[in-house]
Asker: 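Quick one: this structure, given as C-alpha cells, is what I'll be asking you about.
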There are 2 protein chains.
Amino acid sequence: MSDRRTEILRAATRVIARRGVRGLRVGELAAEAGVSTSLIYYHFSDRAGLLRRTLDFISDRADHYTAEPDPAPRTEDPRADLEQVLLLELQDTVEVRENSIAWGELRATAVFEPDLREDLARTTHTWVHDVAELLARADPGGTAPAHAAAAERLTALVEGLSVRWHSGSLPVEHARLLLRGAIGAELDRHDPAGRGAPAAAAGAGSGVGFGRS
Amino acid sequence: MSDRRTEILRAATRVIARRGVRGLRVGELAAEAGVSTSLIYYHFSDRAGLLRRTLDFISDRADHYTAEPDPAPRTEDPRADLEQVLLLELQDTVEVRENSIAWGELRATAVFEPDLREDLARTTHTWVHDVAELLARADPGGTAPAHAAAAERLTALVEGLSVRWHSGSLPVEHARLLLRGAIGAELDRHDPAGRGAPAAAAGAGSGVGFGRS
DNA sequence: TGCACCGAACTGAAAATTCAGTCAAGCATT
DNA sequence: AATGCTTGACTGAATTTTCAGTTCGGTGCA
C-alpha cells in the first residue's frame, strides 16, 4: 500500500488532476513522486501502461468512494443519505476535487480510447446501482426500473455539473443547489398523465450498456 | 463560407471529434482538409491560434444549432418543442456526433485551460437561457427562477448523458429515454412539502456564473 | 504584380524510451 | 562470519522519436 509503485499511482492521479491525462509528462510525474524517470519505466512498461494502471487506480478509488459511507449513514433518513452520497461529489476540498477532475478526465479520455471503456462502464454501473438502491429506500413506492432510470439521470447529472464546475461555468454552491433540486424533482414526481413516466422510460433494459457509436 | 480558411476550421472540428483537442496534429489536420501544412500557418499564426479559432467556431456552431430550429417549431406544442431541442443533441448522425464530441472536448479542455472558460461560460449561458424560455412556454405556471434552475439541470444532464454515450457507457436510445424522463420529472413536479423547491434552488443568482476553484 | 497556395526539406526543442550500472538485502556456501 | 552469487529497486546519462514551426522555390491566377 505504501510502496513506491502505489506512490507513483497516487502522484499520477495528482498530476492528472492538475494537467489532465494528455498533459501528463512522465518527467513531471517523476518529480511529483520524488523518484527518477526511469523508475516509472521500471514499474510500468511505458507511458500507455502507466496510464492504464493509473486509470484503474482512479476508478477503483471512485468505487470505494461511494462504498465507504455505506456502513455509516443508513436507515435513519433515506433521502438525506441519498443527498449525502450525491453531494459528496460536489464538495470543494482538495481530495474530492482531485478525484472528481481525474474521473472527468477518465471519461473524456475514454471518448478517444476504446480500451478504457469497459472499465469505465463497469464502475459507472456499480455507482448507478448503489444510487438506485438508495433511491429505493427513499421512495419505497416506486418500481425498480424507475429507480434505475432516476439513478442514471442523477449520476449523469452529477457528472455534468462537475465538469461545469471544474470548467468555470458554475460555482460549486450553485451546483449543489441544482442537484438538490433534481433529487426533489425525481422524488416528488407524481405525474398525472403518465407521460414520460419512469416505468416507460426504463423499458429498454437494466441501465448501463455498451453502445455502438 | 466555402473559403479555404473555413474549410480548415471544419476539418479541425472533424479531427478534434476523432482525436481530441490535444490529439490534433497540425499535419493530420492538413491532410484532413486536403491542404498543405504551410497553409495552416499561413492562415493561423500558430497551433494555439488555430485552436482558439476552432473552438470559437465550435461554440458558434453550437449556438446556431440551438438557434436554428427557432423559426420552425414554435407555439404549437411547447413541450414537444422543448423535447425537440434537447433531444437534438442525442442524435446519432455524423454531424451531431461530431459537434457533440467536439463540444465535450471543449468542456474537458477548459478544465485545464482557463483561457477558454469565458467563451464557454457565455455559450453555456445562452443555451441555458434558450432552454429556460422554452420551459416557460411549456409550463406557464412556474416562476422564472424555477425555469432557470430546471434549464441548468436539463442542459447539464444533456452534457452528462452525451459523454456517457460517447465514452461507451450508454447507448444513445437509452440516453434519449432518460432525457425524456428528466423533462417529465421537471415538468410534472408538484412537490407537496416544498422541500428542495425550485424557487429556493434558484435563489443564489441568475444561473451561470464564474466559480473559483 | 500580388495573392492564395503547394511541397518538401529542414531546425529545434520537448518528450518518451533505453541502458549500463549502482546499491542493498537476502541467502546459500564453506 | 566472511565469501560470493542473485535479485529487485533504483538512478543518470544517453539515445531516439515526435512535433511544432520555418523557409523557400515554385505554381496558377486575377
Side-chain angles (χ1 to χ4, degrees), chain A residues 1-58 102 105-106 108-116, chain B residues 1-58 102 105-106 108-116:
Chain A
M1 185 177 258
S2 60
D3 59 5
R4 225 50 181 261
R5 195 188 149 98
T6 327
E7 179 46 42
I8 291 175
L9 290 174
R10 249 194 294 273
T13 309
R14 260 176 277 137
V15 175
I16 285 176
R18 193 187 321 130
R19 308 271 188 220
V21 169
R22 282 171 268 187
L24 179 145
R25 298 292 104 115
V26 181
E28 188 185 351
L29 166 58
E32 174 83 25
V35 302
S36 68
T37 308
S38 351
L39 185 63
I40 294 179
Y41 289 93
Y42 175 77
H43 282 301
F44 312 91
S45 53
D46 53 9
R47 205 191 106 104
L50 162 73
L51 248 36
R52 203 169 39 250
R53 300 307 180 154
T54 306
L55 299 179
D56 283 0
F57 181 77
I58 291 172
E105 265 294 285
L106 181 42
T109 308
V111 173
F112 306 104
E113 301 203 15
D115 305 355
L116 303 175
Chain B
M1 184 178 256
S2 61
D3 60 4
R4 222 58 177 256
R5 195 188 151 96
T6 328
E7 178 47 42
I8 292 176
L9 290 174
R10 249 194 295 274
T13 309
R14 260 176 277 138
V15 175
I16 287 177
R18 191 184 327 129
R19 308 270 187 221
V21 169
R22 279 175 265 191
L24 179 146
R25 299 292 103 114
V26 180
E28 189 185 350
L29 167 58
E32 173 81 24
V35 301
S36 66
T37 309
S38 3
L39 186 62
I40 294 183
Y41 290 96
Y42 177 76
H43 282 303
F44 310 92
S45 53
D46 55 8
R47 201 190 110 106
L50 163 74
L51 246 37
R52 204 169 38 251
R53 300 306 181 155
T54 307
L55 298 179
D56 284 0
F57 181 75
I58 291 171
E105 262 295 283
L106 181 42
T109 308
V111 173
F112 307 103
E113 301 202 17
D115 305 356
L116 303 175

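Bear in mind the structure is a predicted one, so any value in this text is a computation, not a measurement. Here is the naming used below: chain letters follow the sequence lines, and residue numbers restart at 1 for every chain.
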Asker: Which of these, B/Asp56, B/Leu51, B/Thr109, sits in a side-chain contact (heavy atoms from CB on, under 4.5 Å) with B/Leu116?
Answerer: B/Thr109

Asker: For B/Ile40 and C/dG7, give me the distance from atom CD1 to atom P, rounded to whole Å.
Answerer: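 Spelled out: CD1 on B/Ile40 to P on C/dG7 is 13 Å.
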
Asker: Output yes when at least one side-chain N/O atom of B/Tyr42 is less than 4.0 Å from OP1 or OP2 of C/dC5, else no.
Answerer: no

Asker: Between A/Arg4 and D/dC10, does any side-chain N or O lie under 4.0 Å from OP1 or OP2?
Answerer: yes

Asker: For B/Gly34, report the nucleic acid contact type (base, sugar-phosphate, nothing); a contact means any heavy atom under 4.0 Å.
Answerer: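 Counting heavy atoms under 4.0 Å across all strands, the contact made by B/Gly34 is with sugar-phosphate only.
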
Asker: If you count heavy atoms of other groups shown closer than 6.0 angstrom to CZ of A/Arg14, is the number above 12?
Answerer: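 Check passes, neighbour count above 12.
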
Asker: Would you please confirm or rule out a distance under 4.0 Å between OP1 or OP2 of C/dC5 and any side-chain N or O of B/His43?
Answerer: yes

Asker: For B/Leu39, answer base if it contacts any base atom (sugar-phosphate contacts may also be present), sugar-phosphate if it contacts only those atoms, and nothing otherwise; contact means non-hydrogen atoms under 4.0 Å.
Answerer: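 Result for B/Leu39 = sugar-phosphate.
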
Asker: Sugar-phosphate means primed atoms, P, OP1 and OP2; the rest is base. With that split, encode nucleotides 15-30 of chain D 5' to 3' as B, S or - using protein heavy atoms under 4.0 Å.
Answerer: ----SSBBB-------

Asker: Please give, in whole Å, the distance from C/dA16 P to A/Phe44 CZ?
Answerer: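 It is 15 Å, rounded to the nearest whole Å.
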
Asker: Using whole Å, what does the distance between atom C1' of nucleotide D/dA9 and atom CD1 of A/Ile8 come to?
Answerer: 11 Å

Asker: From A/Glu7 CD over to A/Arg4 CZ, what is the distance, rounded to the nearest 0.5 angstrom?
Answerer: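 Output value for this atom pair is 8.5 Å.
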
Asker: After noting the C-alpha distance and the side-chain angles of B/Glu28 and B/Arg18, does the key distance pass the salt bridge (charged side-chain N to carboxylate O under 4.0 Å, His left out) rule?
Answerer: CA-CA 11 Å; B/Glu28 189 185 350; B/Arg18 191 184 327 129; 3.1 Å; yes

Asker: Between atom CG in A/Asp3 and atom C1' in D/dC10, what is the gap in whole Å?
Answerer: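 Going from CG in A/Asp3 over to C1' in D/dC10 covers 14 Å.
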
Asker: Quick one: do A/Phe44 and A/Leu9 satisfy side chain to side chain contact (heavy atoms under 4.5 Å, CB included)? Show the steps, please.
Answerer: CA-CA 10 Å; A/Phe44 312 91; A/Leu9 290 174; 3.9 Å; yes

Asker: With rounding to the nearest 0.5 Å, note down the distance linking CG in A/Asp115 to CG in A/Leu55.
Answerer: 10.5 Å

